[in-house]
Participant: 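I am attaching a structure below and will ask some questions about it afterwards.
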Amino acid sequence: MSLIELSDQEIQRRETLKKLRDLGIDPYPAALYPVTHKSSEIKNNYKEGEKVVIAGRLMRRKVQGKASFGELQDADGRIQVYFNRDEICPGEDKSLYNDVFKKLLDLGDFVGVEGEVFKTQVGETTVSVKNFTLLSKSLKPLPLPKTDAEGKVHDAFTDPELRYRQRYVDLTVNPHVKEIFVKRTKLFTAMRNFFNDAGYMEVETPVLQSIPGGAAARPFITHHNALDIPLYMRIANELYLKRLICGGFDGVYEFSKNFRNEGMDRTHNPEFTAMEIYVSYKDYNWMMDFTERLLEHCAIAVNGTTEATFGEHKIDFKAPYKRVTMRQSIIDFTGFDIKGKTEDELREACKSMGIAVDDTMGVGKLIDEIFGEKCEGNYIQPTFITDYPKEMSPLCKEHREDPSLTERFELMVCGKEIANAYSELNDPIDQRERFEDQVRLAQKGDDEATEFIDQDFLRALEYGMPPTSGLGIGMDRLIMFLTNNPAIQEVLFFPQMRPEVFGAKKGPELNENEKLIFDLLAKAQKMDLNELKEQTGLSNKQWDKGVKGLAKHGLTKVTKEEDQLTIELV
RNA sequence: GAUUCCGUAGCUCAGCUGGUAGAGCAAUACACUUUUAAUGUAUGGGUCCAGGGUUCGAAUCCCUGCGGGAUCACCA
């Protein structure tokens, strides 16, 4: 990057950097800095006169002559620091205060401070600085949002594009954003602890798979050079976890980064995190109990309460949750009973409800459309929807009382699904037939159906899998609900975005029009302005921009005598 | 994919029916020894997203492109 592209303030900071080096101060020292306290420890456990060593970013500086206040921001928050000229510079030489502190430090610099804790007249806990060390120089000015006495934020850094692309800045200046990610980590920890306490084991399964299975979604495809085969990035980890149940574990779970090559919007990112857990000798009824206890536990761990606010809704994750069969749900909201209906009858019903259908849709898909259109959005409080039609659930066990249904539930919150669970299908012959049905659906044109048959998974089932219940939870969605964020981008550190274009800006060299004008003028050195314009044959706008551009580069000068405008090279 | 809104100083934003680009904070200089977003005075800082068009003249009007937001569609 050339200097010409730097802003005024960036150039100043680079000059400051040089001055520091000239004074023998290393702006990027290597040595460990012996921090003894965090800002929160000092503020929460105030001890008058305590000697502390702290470090962080200098985020505020207010000079008042021979004394100054500043604010240091560390991982926990901010603490005020007090610089007194004669404390820092006891002798004749006051340059450490006058020059280094006042002129060569900038907001955003990482600084280490040794000092003593005291309270100012206004009562603010403050560290009185005895000595300070520059730990890392900041060359770009940070946005500086400020909160006033009424809690109103001024100059907030809010542009989503800038915030997502430069999350490091977002995290530095927006403490509430940091809080979201602290909560996100608390959620993962709480869930992990809950599973571990129950005796289940965290495992890892492949991200690169030769058959993308376990869900209906478009995968990302890549290529392995040594094997010379296509590999897919996983869309789900279900089939691998079930193999491990076949292998004899009681319970296994994995926080799984999944990748789906589909649309992006405020609730969908190409990579997202799911949690899947499989527990042997259990069924979906047990899993419902387990799920509501899990979510209650997680809500408390994250927010300290089972209650959460999401937009206009107040949600309560306190167990137990309401349970409604899909059939009953559709009766409740449409008056239509799906039990025993043929594909044609269902298609007619959809049409009468104003739901768009086409010929590729089978019984399951049609029911799903009705539910999605008429029912789903109505469940605000956590609600289990149970007993899904068989066609929609190729990996789920047939219902013990009704062979057209499966033992499946989804957990709905605020009209969105956040969990999905089965009594897992473990009959290998049934499973093979369901896969084959899926292949037929895919051939019929249903792009949600799975077109691959995972033969190795079927082989595992043939050796035998104990009765098992499995649960999947969309972790991003769950944390959105727990932190009141309607956009998935807000709960991902680095949401996917179109790549930023760097270095595309033009340098100081002349553009085509400027060159044309310059070359013509170079022959004469000095010309009448209008004459030159005619010779170039440029449009008014192009001419105007070109001439202004040249003047800006300091190459030409226009002089006016009487009504005569003359242009000459400088 | 469709519709719609937005892109101006490091940050937040003004800028009317076209007429020399503005404010606050940040920066620079000077003064000030306990301040609470906000000390005073002075100063500097902009290819107004890019390219084209209309015009004597475009940040402003029109077209195209790029980037982003919102709504809808699709997708868990």
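Below, chain A is the first sequence line, B the second, and so on; all start at residue 1.
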Participant: Look at all strands and tell whether A:V63 reaches a base, only sugar-phosphate, or nothing, counting heavy atoms closer than 4.0 Å.
Facilitator: base
Participant: Over how many whole Å does the gap from A:M59 atom CE to B:A27 atom P extend?
Facilitator: 12 Å
Participant: In whole Å, what is the span from the CE atom of A:M480 to the C1' atom of B:A76?
Facilitator: 12 Å
Participant: What is the separation between atom CZ on A:R218 and atom P on B:G1, rounded to the nearest whole Å?
Facilitator: 12 Å
Participant: Heavy-atom nearest nucleotide on RNA chain B for A:E373 versus A:N420: which residue maps closer to 5'?
Facilitator: A:E373
Participant: With both distances under 3.5 angstrom, what nucleotide forms a Watson-Crick or G-U wobble pair with B:G67?
Facilitator: B:C6
Participant: From the set B:U33, B:C25, B:C30, return the single nucleotide nearest to any side-chain atom of A:K103.
Facilitator: B:C30
Participant: Can a donor-acceptor pair under 3.5 Å be found between the side-chain atoms of A:T120 and the base atoms of B:U36?
Facilitator: yes
Participant: Look up atom NZ in A:K103 and atom NZ in A:K19, then write down how far apart they are to the nearest 0.5 Å.
Facilitator: 8.0 Å
Participant: Taking for each residue the nucleotide of RNA chain B bearing the nearest heavy atom, is the 5' side occupied by A:M264 or by A:D106?
Facilitator: A:D106
Participant: Which of these, A:L142, A:L107, A:D74, A:V173, sits in a side-chain contact (heavy atoms from CB on, under 4.5 Å) with A:R57?
Facilitator: A:L142
Participant: Under 3.5 Å for both donor-acceptor distances, Watson-Crick or wobble: does B:G1 have a partner, and if so which one?
Facilitator: B:C72
Participant: For B:G24 versus B:G19, give the span between their P atoms, rounded off to a whole number of Å.
Facilitator: 23 Å
Participant: Can you see if the side chain of A:R165 gets near the phosphate of B:G68 - specifically, an N or O under 4.0 Å from OP1 or OP2?
Facilitator: yes
Participant: Can you check whether any acceptor in the base of B:U36 is under 3.5 Å from a donor in the side chain of A:E124, or vice versa?
Facilitator: yes
Participant: Given atom CZ of A:R13 and atom C1' of B:U28, what is their separation to the nearest angstrom?
Facilitator: 13 Å
Participant: Taking NZ in A:K51 as the centre, count heavy atoms belonging to other residues, nucleotides or ligands within less than 6.0 Å. Is the count above 12?
Facilitator: no
Participant: Write down the distance between NZ (A:K94) and C1' (B:C32), rounded to a whole number of angstrom.
Facilitator: 17 Å
Participant: Return the nucleotide paired to B:C13: Watson-Crick means purine N1 to pyrimidine N3 with N6-O4 or O6-N4, wobble means G-U with N1-O2 and O6-N3, both under 3.5 Å.
Facilitator: B:G22
Participant: When the P atoms of B:G51 and B:U60 are considered, how many whole Å apart are they?
Facilitator: 12 Å
Participant: Base, backbone or nothing for each nucleotide of nucleotides 5-15 of chain B, written B, S, -, heavy atoms under 4.0 angstrom, 5' to 3'?
Facilitator: -----BBB---
Participant: Atom CG of A:D99 and atom P of B:A29: how far apart are they, to the nearest Å?
Facilitator: 10 Å
Participant: Which whole number of Å gives the distance between the P atom of B:G44 and that of B:U4?
Facilitator: 44 Å
Participant: Checking A:S39 against A:R78 for the side chain to side chain donor-acceptor pair (under 3.5 Å) test, could you report, in this order, the C-alpha distance in whole Å, the side-chain angles of both residues, the deciding distance, and whether it holds?
Facilitator: CA-CA 6 Å; A:S39 60; A:R78 295 187 181 187; over 6 Å; no
Participant: Give me the distance, rounded to whole Å, that separates B:C16 from B:A21 when you measure between the P atoms they each carry.
Facilitator: 13 Å
Participant: Taking B:C49 as the reference, what is the distance to B:A42 when you measure between their P atoms (whole Å, please)?
Facilitator: 31 Å
Participant: Show your reasoning for whether side chain to side chain donor-acceptor pair (under 3.5 Å) applies to A:N237 and A:E254.
Facilitator: CA-CA 8 Å; A:N237 54 355; A:E254 180 177 17; 2.9 Å; yes
Participant: On a whole-Å scale, what distance lies between the P atoms belonging to B:G52 and B:A14?
Facilitator: 28 Å
Participant: Quick one: does A:E417 reach the base of B:A76 with a side-chain donor-acceptor pair under 3.5 Å?
Facilitator: yes
Participant: Should the ring pair A:F101 and A:Y97 be called parallel, tilted or perpendicular, given that the plane angle runs from 0 to 90° and is split at 30 and 60?
Facilitator: parallel
Participant: Determine whether A:M264 and A:P270 make a side-chain contact, defined as any pair of heavy atoms from C-beta on separated by less than 4.5 Å.
Facilitator: yes
Participant: Considering only B:A27, B:G68, B:A76, which nucleotide approaches the side chain of A:R61 most closely?
Facilitator: B:A27
Participant: Tell me, yes or no, whether the heavy-atom count around A:K178 atom NZ, taken from other residues, nucleotides or ligands under 6.0 Å, exceeds 12.
Facilitator: yes
Participant: How many angstroms lie between OH in A:Y379 and CZ in A:F333, if you round to the nearest 0.5 Å?
Facilitator: 4.5 Å
Participant: Within the pair A:R266 and B:G69, is there a side-chain N or O less than 4.0 Å away from OP1 or OP2?
Facilitator: no
Participant: Using the C1' atom in both, what is the distance from B:C13 to B:C6, to the nearest Å?
Facilitator: 13 Å
Participant: Give the rounded distance in Å between these two atoms: CZ of A:F69 and P of B:A37.
Facilitator: 14 Å
Participant: Check the phosphate of B:U39 against A:K62, side-chain N and O only, distance under 4.0 Å to OP1 or OP2. Yes or no?
Facilitator: yes
Participant: Distance under 6.0 Å and angle within 45° of the ring axis: does A:K119 meet both against A:Y46?
Facilitator: yes
Participant: In residues 486-493 of chain A, which residues come under 4.0 Å of RNA chain B by heavy atom?
Facilitator: none
Participant: Within the 4.0 Å heavy-atom criterion, would you say A:F272 contacts the bases, only the backbone, or no part of the nucleic acid?
Facilitator: nothing
Participant: Test the A:R408-A:Y388 pair against the cation-pi criterion, namely NZ or CZ under 6.0 angstrom from the six-membered ring centroid and within 45° of the ring axis.
Facilitator: yes
Participant: Please work out if A:R60 contacts a base, only the sugar-phosphate, or nothing of the nucleic acid, heavy-atom cut-off 4.0 Å.
Facilitator: base
Participant: When you compare B:A59 with B:A76, how far apart are their C1' atoms, in angstrom units rounded to a whole number?
Facilitator: 44 Å
Participant: Exactly one of A:I380, A:V324, A:I385 should register a side-chain contact (heavy atoms from CB on, under 4.5 Å) with A:M412. Which one does?
Facilitator: A:I385
Participant: Calculate the interatomic distance between A:K66 atom NZ and B:U35 atom C1'; express it in whole Å.
Facilitator: 16 Å
